[in-house]
Amino acid sequence: MPYQLTDGGGTILVPQSQVYAERLKAASAGLPADNSGGYALLDTMGVTASEFQQNVTYKRAIEGELAKTIGALDGVQTASVQLAIPQETVFADQKKDPTASVFIATKSGVTLTTEQVQAIVHLTSAAVEGMKATDVSVVDSKGDVLSAVGTGATGSASQQAGEYQTQTQAAVQTMLDKVVGAGNSTVVVAADMNPNSGTKTTESFSTPTGGASPLSETSTKESYSGNGAGSAGTTGVLGPDNIAVPSGSSTSGTGDGGYVNESSTKNNSVDKTTESTSIPAGGLTRQNISVAINSKVAAGLDMSSITDLVSKAAGIDTSRGDQVSVQAVSFDKTGAKQAAAALKAASAQAATDSMWQTIRTGLIAAGIGIPLILALFLATRRGRKQQRENIDLGEISSVPGTWPGDAVTKPLSLDDVEARKLLESSQPVTAPTVQLPSLDGEGATLERKRAEIDALAGSDPDRTAELLRGLLDDRQTV
């Protein structure tokens with residue numbers, strides 16, 4: 001359609017009646033591509049921008065570059081990255097790590113693998129200073145969490161359980177195939193995964209070894225001494241009505257009074273251990289393994305040994321509630337026989353197809369090669385015809401042998417059959433070399449000429465064959 005470029009090539013003008021149709025076509029092809037993000041945002045930032053604007057623009061630039069890079073991965077249609085970068089502070093206890101959230105929209109029918117999710121996580125965390133791989137969250141367009149912040153675990157609990165079951169089943173099945181033979185056992189693993197995650201902190205104290213000195217030690221001692229005589233009256237114990245009851249016969253007793261108070265404090269050193277454990281999602285809580293062995297081969301096996309082997313190979317923990325069941329059962333070979341027959345039929349069909357393919361290839365090659373060979377033969381024959389000279393038998397002046405007779409009076413005509421007979425009947429003969437009479441006389445018969453040619457063939461077969469080939473090719477009359 002007619003179009004026009006304006007604004008230095010940044011705008012395409014088309015007829016007004018086709019604007020919306022062309023916009024839909026361009027949008028279905030993914031055009032126009034948005035190249036305004038990324039570090040291009042820094043090119044349009046003026047010198048009067050505030051520090052807040054600079055920080056926000058720089059964060060948007062990093063987000064755009066990361067989104068472009070992630071969108072270039074196989075299977076990713078679009079990607080969006082959001083960064084949470086806290087403000088810098090001089091207080092270490094208030095410092096927080098940056099985090100990131102990544103949204104992924106995959107192409108139709110594509111599922112990202114664990115390795116691809118890990119690649120996205122490490123790519124994002126490595127692009128921001130101070131960010132850890134466990135601080136990146138990846139979510140797909142279906143709402144599935146592929147990587148959670150704080151755990152770094154990829155995939156949901158069901159996906160992790162499926163991967164664990166597949167790996168454990170493959171390990172146990174490989175071991176059983178070597179023990180009981182391939183096709184004589186089957187393994188099923190059922191595992192439960194904990195979808196929760198958290199952090200566990202543990203503190204423990206212990207007595208230091210080696211007789212360590214106390215950290216601090218204090219002691220106090222208080223004493224008092226004095227004369228306790230009383231002259232105002234008798235002393236005694238107060239009664240219920242606060243009336244002094246005499247405690248002795250003396251009315252003016254004398255005695256010494258005083259006390260001593262001692263105290264000490266000692267702070268001994270102790271060993272303190274603090275452990276902080278991050279518990280990721282997907283921890284194995286329980287697993288059950290079922291093993292079925294063909295009864296035909298289980299007769300000579302020790303089932304307890306098989307159970308012990310399976311337990312060791314799968315890492316069974318009975319305190320966790322894991323269970324292993326090994327049973328000898330009769331296997332149904334119908335499916336295996338049908339599969340073998342189908343495989344045999346497929347192999348035979350493949351061999352037949354290969355044979356017919358070879359025949360077709362041969363026929364095609366023959367169809368191309370035969371005309372080419374014929375064309376080369378005709379071209380060679382035409383070239384030989386052009387190189388040959390017409391030779392008359394009258395040019396033969398003498399041949400070996402003794403042949404009396406009259407001179408040739410007229411030309412000799414030979415057809416193809418006669419010439420072939422002469423060529424086949426020509427055999428080398430031993431005869432003395434004599435001068436033959438000239439062939440240009442009259443009265444010579446056809447038999448005489450044949451005899452002369454026979455004599456010529458016997459003495460010089462190569463030249464005779466060349467002459468006869470020239471007669472056959474050119475239909476020469478002599």
Side-chain angles (χ1 to χ4, degrees), residues 75 109-118 142 144-146 151 153-197 279-357:
V110 177
T111 302
L112 295 181
T113 61
T114 303
E115 290 76 12
Q116 288 178 316
V117 175
Q118 289 286 1
K142 299 178 182 179
D144 296 333
V145 179
L146 305 180
T151 61
T154 57
S156 60
S158 60
Q159 292 177 344
Q160 295 178 6
E163 293 179 359
Y164 176 81
Q165 292 173 176
T166 302
Q167 295 177 358
T168 307
Q169 179 178 350
V172 176
Q173 187 67 60
T174 301
M175 180 196 65
L176 291 178
D177 289 343
K178 295 181 179 180
V179 176
V180 301
N184 292 321
S185 63
T186 180
V187 180
V188 176
V189 179
D192 294 335
M193 295 291 183
N194 184 11
N196 301 323
S197 61
I279 304 176
L284 182 63
T285 59
R286 183 182 179 184
Q287 63 174 341
N288 297 327
I289 299 179
S290 300
V291 179
I293 300 178
N294 191 358
S295 58
K296 294 182 179 180
V297 299
L301 297 177
D302 187 3
M303 289 300 177
S304 61
S305 299
I306 299 297
T307 303
D308 185 64
L309 290 175
V310 174
S311 300
K312 294 297 191 299
I316 296 299
D317 187 2
T318 55
S319 62
R320 190 174 51 191
D322 298 349
Q323 295 180 359
V324 177
S325 176
V326 179
Q327 300 293 333
V329 296
S330 299
F331 278 23
D332 186 6
K333 298 293 185 179
T334 304
K337 293 179 180 179
Q338 294 178 354
L343 182 61
K344 185 177 180 180
S347 300
Q349 183 64 31
T352 303
D353 295 342
S354 177
M355 181 186 67
W356 282 111
Q357 182 65 26

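Note: hydrogens, waters and symmetry copies are ignored here, and every other heavy atom, side chains too, is used.
Applying the salt bridge (charged side-chain N to carboxylate O under 4.0 Å, His left out) test to residues at least two apart or on different chains, the pairs with a partner in residues 320-331 are Arg320-Asp322. For the salt bridge (charged side-chain N to carboxylate O under 4.0 Å, His left out) condition, no pair includes a residue of residues 290-300, sequence neighbours left out. Evaluation of the salt bridge (charged side-chain N to carboxylate O under 4.0 Å, His left out) test over residues 299-313, restricted to residues two or more places apart or in two chains, returns Asp308-Lys312.
For the residue pair Thr114 and Glu163, the shortest heavy atom distance occurs at OG1-OE2, 3.1 Å. Listed here is the closest heavy atom pair of Asn294 and Ser330: OD1-CA, 4.4 Å. Taking every heavy atom of both residues into account, Gln287 and Thr168 meet most closely at OE1-CG2, 4.4 Å. Between Asp192 and Leu284 the shortest heavy-atom distance is O-CD1, 3.5 Å. For Tyr164 against Ala314, the heavy-atom pair with the smallest separation is OH-O, 3.8 Å. Minimum interatomic distance between Ala170 and Thr174 (heavy atoms only, all atoms of both residues): O-OG1, 2.7 Å.
Atoms CG and CD1, on Leu301 and Ile306 in that order, are 5.5 Å from each other to the nearest 0.5 Å. Atom CD1 in Ile289 sits 7.0 Å away from atom OG in Ser311 (nearest 0.5 Å). Between atom CD of residue Gln118 and atom CG of residue Leu146 there is a gap of 10.5 Å, rounded to the nearest 0.5 Å.
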task = Might you work through the side chain to side chain donor-acceptor pair (under 3.5 Å) test for Asp177 and Gln173, ending with a clear yes or no?
result = CA-CA 6 Å; Asp177 289 343; Gln173 187 67 60; 3.0 Å; yes
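Between Gln167 and Val189, every side-chain heavy-atom pair lies at or beyond the 4.5 Å cut-off. No side-chain heavy atom of Leu176 sits under 4.5 Å from any side-chain heavy atom of Leu309. Put simply, the side chain of Ser325 does not reach to within 4.5 Å of the side chain of Gln323, judged on heavy atoms.
Checking Asn288, Val172, Thr307 one by one against Val324, the side-chain contact (heavy atoms from CB on, under 4.5 Å) holds for a single residue, Thr307.
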